[in-house]
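First up is the structure itself, then whatever we jot down about it.
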Amino acid sequence: FSVTPTALLTKDDLKLKLIACCLFIDGLIVMLLGDSAVGKTCVLVRFKDGAFLGGNFIATVGIDFRNKVVDVDNLKVKLQIWDTAGQERFRSVTHAYYRDAQALLLLYDITNKPSFDNIRAWLTEIFDYAQKDVVIMLLGNKSDMAAERVVKTEEGEKLAKEYGVPFMETSAKTGVNVELAFLAIAK
Ligand SMILES: Nc1nc2c(ncn2[C@@H]2O[C@H](COP(=O)(O)OP(=O)(O)OP(=O)(O)O)[C@@H](O)[C@H]2O)c(=O)[nH]1
C-alpha cells in the first residue's frame, strides 16, 4: 500500500484498504473441479507460470495448492488455488475441501462429450458440499482443438445459462481466456 496519513483517508478508503488487507492475508480460495484430463492442472500452470504442460499426462493425486497475487480494481488479491484430482477414487478426499472454497472453476473438455455430460453431476456435488454463496464459473477447455471439438460453444452457453453461471471457453495450450477466467472469478 502507498503510505497516506490516516487523517487524509475517507471512511470508504479505510474500508477498502481493510478489505484489501484481509484478502491479501487470507487469500481467496478458488477450487478447480471437473473430470480427469479436462485440463485443470494445465489451466492452473498456464495462469501461474504462463507455460503449457504438454507431453505425458500425469493425473493429480488428491489435491494440490498454488498461490498467485492478482490486481483486482487496484486491490492486490491473493488467490489460493486448489487443483483437485478429477478421478472418481479421490472424490471423498476432495469433498472435504469444497466447504472452504469461495469460488469454483468447473471445467469440461470441448473434445470430450462425457466430461460435458458430467457437469450436471458436478453441479449436484457442488450444491451438496460447497458453501451456498460460492461463486461458480463454467469453462470449456481445449478450445485450441477445433478439429476434435464435439461440444459446441452454444451447448456450453446454454448449460451455463440454465444454472445461472458465467461461461467461457479456454485453452491452457494457447492461453486464451485463462487469465480472464481467474480475474473474472476474483472480481
Ligand atoms: N490441446 C490442449 N491440450 C490440453 C489443454 N489442457 C490440457 N491439455 C492436455 O490434457 C491432458 C490432461 O491435462 P491435465 O491438466 O493434467 O488434466 P486434469 O484435469 O488436471 O486431470 P486430473 O489431474 O486427473 O484431474 C494433458 O495431456 C494436457 O497436456 C488445452 O487447453 N489444449
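Count residues from 1 along the sequence. All ligand and atom numbering here is 1-based and tracks the order in the structure.
Those atoms of ligand 1 with a heavy atom of Met145 less than 4.0 angstrom away are 1 (N), 2 (C). The distance from ligand 1 to the heavy atoms of Ala59 drops below 4.0 Å at these ligand atoms: 23 (O), 24 (O). Each of the atoms 27 (O) of ligand 1 lies under 4.0 Å from some heavy atom of Gly55. When each atom of ligand 1 is checked for a heavy atom of Gly86 under 4.0 Å away, the hits are 22 (P), 25 (O). Residue Thr60 has at least one heavy-atom neighbour below 4.0 Å for each of these atoms of ligand 1: 22 (P), 23 (O), 24 (O). Atoms of ligand 1 found under 4.0 Å from any heavy atom of Lys173 (numbered from 1 in listed order, with element): 1 (N), 30 (C), 31 (O), 32 (N). Remark: ligand 1 atoms within the under-4.0 Å shell around heavy atoms of Asp35 are 19 (O). Per-residue contacts place Ser171 under 4.0 angstrom from the following atoms of ligand 1 (heavy atoms of the residue considered): 31 (O).
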Next on the checklist: I'd like to know whether Glu162 forms a salt bridge (Lys or Arg N to Asp or Glu O under 4.0 Å) with Arg120, so could you lay out the CA-CA distance, the side-chain angles of the two residues, the decisive distance to 0.1 Å, and finally the verdict.
Outcome noted: CA-CA 11 Å; Glu162 187 184 325; Arg120 285 181 193 280; 2.7 Å; yes
Item to check | Candidate pair Asp144 and Ser171, rule side chain to side chain donor-acceptor pair (under 3.5 Å), full reasoning | outcome: CA-CA 6 Å; Asp144 58 284; Ser171 167; 2.8 Å; yes
Checklist entry - After noting the C-alpha distance and the side-chain angles of Asp71 and Lys76, does the key distance pass the salt bridge (Lys or Arg N to Asp or Glu O under 4.0 Å) rule? => result CA-CA 5 Å; Asp71 265 324; Lys76 295 239 178 284; 3.1 Å; yes
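Contacts with ligand 1 closer than 4.0 Å are made by no heavy atom of Val43, backbone or side chain. Contacts between Asp144 and ligand 1, counted as non-hydrogen atom pairs separated by less than 4.0 Å, involve the side chain only.
Counting only distance, with no hydrogens or angles, the side chain of Gln102 and the backbone of Leu28 share no donor-acceptor pair below 3.5 Å. Checked by atom type and distance alone, the side chain of Asn177 never pairs as donor or acceptor with a backbone atom of Leu180 at under 3.5 Å.
With hydrogens left out, the protein atom closest to atom 31 (O) of ligand 1 is Ala172 N, 2.7 Å, a heavy atom. Here the protein heavy atom with the shortest distance to atom 6 (N) of ligand 1 is Asn141 ND2, 3.2 Å. The protein heavy atom nearest to atom 21 (O) of ligand 1 is Ala37 N, 2.9 Å. For atom 29 (O) of ligand 1, the closest heavy atom belonging to the protein is Leu53 O, 3.0 Å. Protein heavy atom at the shortest distance from atom 15 (O) of ligand 1 is Cys42 N, 2.9 Å.
Looking at ligand 1, you won't find any N or O of Phe57 less than 3.5 Å from one of its N or O atoms. Taking any N or O of Phe52, backbone or side chain, none lies under 3.5 Å from an N or O belonging to ligand 1. The shortest N or O to N or O distance between Thr170 and ligand 1 is not below 3.5 Å.
With Asp109 as the partner, the salt bridge (Lys or Arg N to Asp or Glu O under 4.0 Å) test is satisfied by one option alone out of Lys142, Lys40, Arg149, Lys173: Lys142. For the side chain to side chain contact (heavy atoms under 4.5 Å, CB included) with Tyr108, the qualifying choice from Leu138, Leu159, Asn141 is Leu138, the only one to do so.
Rounded to the nearest 0.5 Å, atoms CD1 (Ile29) and CZ (Phe65) are 9.0 Å apart.
The nearest non-hydrogen atom to atom 18 (P) of ligand 1, considering only Glu169, Gln87, Lys142, Lys40, comes from Lys40. Of the listed residues (Gly39, Ala85, Ser36), the one carrying the non-hydrogen atom nearest atom 17 (O) of ligand 1 is Gly39.
Within a 6.0 Å radius of CG in Asn74, other residues, nucleotides and ligands contribute 12 heavy atoms or fewer.
Listed here is the closest heavy atom pair of Val150 and Thr111: CG2-C, 3.5 Å. Nearest approach of Ala101 to Gln131, heavy atoms of both residues: O-NE2, 3.6 Å. Shortest non-hydrogen contact noted between Phe127 and Ile136 is CE2-CD1, 4.2 Å. Nearest heavy-atom pair across Gln87 and Ser36 is CG-OG, 3.7 Å.
Using 4.0 Å as the threshold, Gly34 has no heavy atom nearer than that to any atom of ligand 1.
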